[in-house]
Visitor: 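Handing you this structure, nothing more for now.
Chain letters run A, B, ... following the sequence lines, proteins first and then strands; every chain starts at 1.
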There are 2 protein chains.
Amino acid sequence: MVAVTRDAAWAPRSDARMSGARHKMRYSRAMPAAGGEPPIPKVLWGTVSVVARAFDDALATVGGSRAMWFIFLSLKARPVANQRELAAEVGIQGATLTHHLTAMEQAGLINRRRDPANRRVHLVELTPAGEATFLKLREVALAFDRKLREGIPDDDIRHLRQTLARLQANATDDPAAPTP
Amino acid sequence: MVAVTRDAAWAPRSDARMSGARHKMRYSRAMPAAGGEPPIPKVLWGTVSVVARAFDDALATVGGSRAMWFIFLSLKARPVANQRELAAEVGIQGATLTHHLTAMEQAGLINRRRDPANRRVHLVELTPAGEATFLKLREVALAFDRKLREGIPDDDIRHLRQTLARLQANATDDPAAPTP
DNA sequence: ATCTAATCGTTAGATATCAAATCTTATGGT
DNA sequence: ACCATAAGATTTGATATCTAACGATTAGAT
């Protein structure tokens, strides 16, 4: 018989996500190398699930979404040659970008037109409504960023960026041919 | 006219994901507060997309997946009272867990049976085939962990865990009622 | 000049996830 | 004893994402 403490009814935002560990997990039982800590992929995934969800919720309050915000951000940060490049910048596949752009176009936030110089490429540009939406989303994103970094020194953020970059590089490097 | 360098045909694993930034992005143009660096949510999302994909690919080579591995991991790390608790541990919703467990049951990796003491509860237990699969997945997961941490001092990993935990807490804390 | 191959984008089909509705079983109030 | 409510799990319907196949356009070879 296992005693289980349930989510209290009075708890604000009784969101069970990621809050289930009432007993201390001992991952060393399953993963001898981990020293009792959850493995890195699990920690990363857990944090990102929670952060991304909160970010999405915040953007949704002004009618946006994470993908929409990343698209706006890439479009405004520098001119993009084509959708393929935009997709890479945003971190999604071209097919996925198509869906988002179609939705944004139907919502009147962007225009797509063929480049006269190379009619294969579709040029993406913001409409006035798109500019207005961008500003609203930016406000929410900036507020979220402030909240996210609260109590974390800038040095730690820098360190975080470095370590994440290293993890990303380590994950993708091919062990077959590291030396040419 | 924008000059665009295309993916070279000779590049190994010409996966465009997250590799599109040939020009240095200046996010300060769009996000004045960021100091030219991409905002934290974007960095997090980018790193996790890449790492999770690589991890999934690795697990797929022995017939597994990220979700399956997390489920095994939680089941082996300590006994779990019920599926709701297991879902929280894994970091997914109960409905999603049901799908995975159904698939794993059909694959002969686990059994689900009603708890005689409380017939609402479905107890999950590994079959011998499940134990064997767990060992194979663990091997892959340990190798991936080693690869992921290559060149990163343990102190940095500890630091990473701490910062991620803080980000997670900051993301979810309710600004409405921080003080009771 | 024409034909083949490459590039850009979209469409189609599949999977993973979530929220909401539903089903089954247990608990508590009367 | 009976019924309403709660808890655990599943099912349903929606969304975001991916890969693979396709359509349109251009570039290159002959």
Side-chain angles (χ1 to χ4, degrees), chain A residues 2 4-9 14-18 20 45 48-50 52-53 56-57 59-60 64-71 80-88 90-105 112-124, chain B residues 2 4-9 14-18 20 45 48-50 52-54 56-57 59-60 64-71 80-88 90-106 112-124:
Chain A
V2 183
V4 181
T5 311
R6 317 220 179 276
D7 283 338
S14 175
D15 186 357
R17 178 198 294 270
M18 282 286 121
W45 187 256
V48 166
S49 300
V50 170
R53 175 53 176 273
D56 243 341
D57 287 350
L59 292 170
S65 69
R66 196 175 62 248
M68 186 191 289
W69 167 242
F70 287 165
I71 289 169
V80 177
N82 54 44
Q83 288 191 24
R84 174 186 174 74
E85 202 175 305
L86 178 58
V90 172
I92 58 181
Q93 296 304 118
T96 307
L97 179 64
T98 294
H99 293 309
H100 289 297
L101 291 182
T102 301
M104 290 170 75
E105 191 171 34
R112 274 187 289 191
R113 57 187 179 79
R114 298 198 105 119
D115 183 348
N118 180 352
R119 293 182 40 74
R120 282 173 300 189
V121 321
H122 289 197
L123 298 174
V124 179
Chain B
V2 184
V4 181
T5 311
R6 318 220 179 274
D7 282 338
S14 175
D15 187 356
R17 177 198 296 270
M18 283 285 119
W45 187 256
V48 167
S49 300
V50 170
R53 175 54 179 273
D56 243 342
D57 287 349
L59 292 169
S65 69
R66 197 176 62 247
M68 186 191 288
W69 168 243
F70 287 164
I71 289 168
V80 176
N82 54 44
Q83 288 191 24
R84 173 185 173 75
E85 201 176 304
L86 178 56
V90 171
I92 58 181
Q93 296 304 117
T96 307
L97 180 64
T98 294
H99 294 308
H100 290 297
L101 291 182
T102 300
M104 289 170 75
E105 191 171 33
Q106 279 170 358
R112 274 186 288 192
R113 57 188 179 77
R114 298 246 180 191
D115 183 349
N118 180 353
R119 290 182 42 75
R120 285 175 298 189
V121 172
H122 288 196
L123 298 175
V124 179

Visitor: Using five pairs at either end of the helix from C/dA1-D/dT30 to C/dT30-D/dA1, determine the angle between the two local helix axes and round it to 10 degrees.
Guide: 0°
Visitor: Looking at side-chain heavy atoms only, is the closest gap between B/M68 and B/L59 below 4.5 Å?
Guide: no
Visitor: Expressed as a whole number of angstroms, how long is the span from B/Q93:CD to D/dA9:C1'?
Guide: 13 Å
Visitor: Rounded to whole Å, how long is the line connecting atom CD of A/Q83 with atom P of D/dA24?
Guide: 17 Å
Visitor: Rounding to a whole Å, what distance do you find between B/N82:CG and D/dA7:P?
Guide: 12 Å
Visitor: For A/R120, check side chain to side chain contact (heavy atoms under 4.5 Å, CB included) against everything at least two apart and list the hits.
Guide: A/N118
Visitor: Between D/dG8 atom P and B/R113 atom CZ, what is the distance in whole Å?
Guide: 18 Å
Visitor: Once side chain to side chain contact (heavy atoms under 4.5 Å, CB included) is applied, do any residues pair with A/L123, and if so which ones, sequence neighbours excluded?
Guide: A/R113, A/D115, A/V121
Visitor: Could you tell me the separation between the NE2 atom of B/H122 and the P atom of D/dA7, rounded to a whole number of Å?
Guide: 17 Å
Visitor: Testing the basics here: between B/V124 and B/L101, what is the closest heavy-atom pair and its distance to 0.1 Å?
Guide: CG2-CD1, 4.1 Å
Visitor: Return the set of residues passing salt bridge (Lys or Arg N to Asp or Glu O under 4.0 Å) with A/R112 (not counting sequence neighbours), or none when no residue passes.
Guide: A/E105
Visitor: In whole Å, I'd like the distance from the CG atom of B/L86 to the C1' atom of D/dT10.
Guide: 15 Å
Visitor: Rounded to whole Å, please give me the gap between CZ in A/R66 and C1' in C/dT17.
Guide: 12 Å
Visitor: C/dT10 C1' sits how many Å from A/R84 CZ, rounded?
Guide: 15 Å
Visitor: Sort me out a list of protein N/O and nucleotides 11-14 of chain D N/O pairs below 3.5 Å, or just none if empty.
Guide:
none

Visitor: Which distance, rounded to the nearest 0.5 Å, do you find between the NE2 of A/H100 and the CZ of A/R66?
Guide: 8.5 Å
Visitor: Can you name the salt bridge (Lys or Arg N to Asp or Glu O under 4.0 Å) partners of A/R114, sequence neighbours left out?
Guide: none
Visitor: Return whichever of A/H100 or B/L101 has its heavy-atom-nearest nucleotide of DNA chain D closer to the 5' end.
Guide: B/L101
Visitor: Looking at B/R112, does any N or O in its side chain come under 4.0 Å of the phosphate oxygens OP1/OP2 on D/dA9?
Guide: no
Visitor: So, A/D56 side chain and A/S65 main chain: donor-acceptor pair closer than 3.5 Å or not?
Guide: no
Visitor: Starting from the C-alpha separation in whole Å, work towards a yes-or-no answer on side chain to side chain contact (heavy atoms under 4.5 Å, CB included) for A/Q93 and A/L97.
Guide: CA-CA 6 Å; A/Q93 296 304 118; A/L97 179 64; over 6 Å; no
Visitor: Tell me whether the OP1 or OP2 atom of D/dT19 has a side-chain N or O from B/R53 closer than 4.0 Å.
Guide: yes
Visitor: Would you tabulate the nitrogen or oxygen pairs shorter than 3.5 Å linking the protein to nucleotides 23-26 of chain C?
Guide:
from: C/dA26; atom 1: OP1; to: B/R119; atom 2: N; distance (Å): 3.1
from: C/dA26; atom 1: O4'; to: B/R120; atom 2: NE; distance (Å): 3.4

Visitor: How would you list, by chain and number, every residue that makes a side chain to side chain donor-acceptor pair (under 3.5 Å) with A/T96, sequence neighbours excluded?
Guide: none
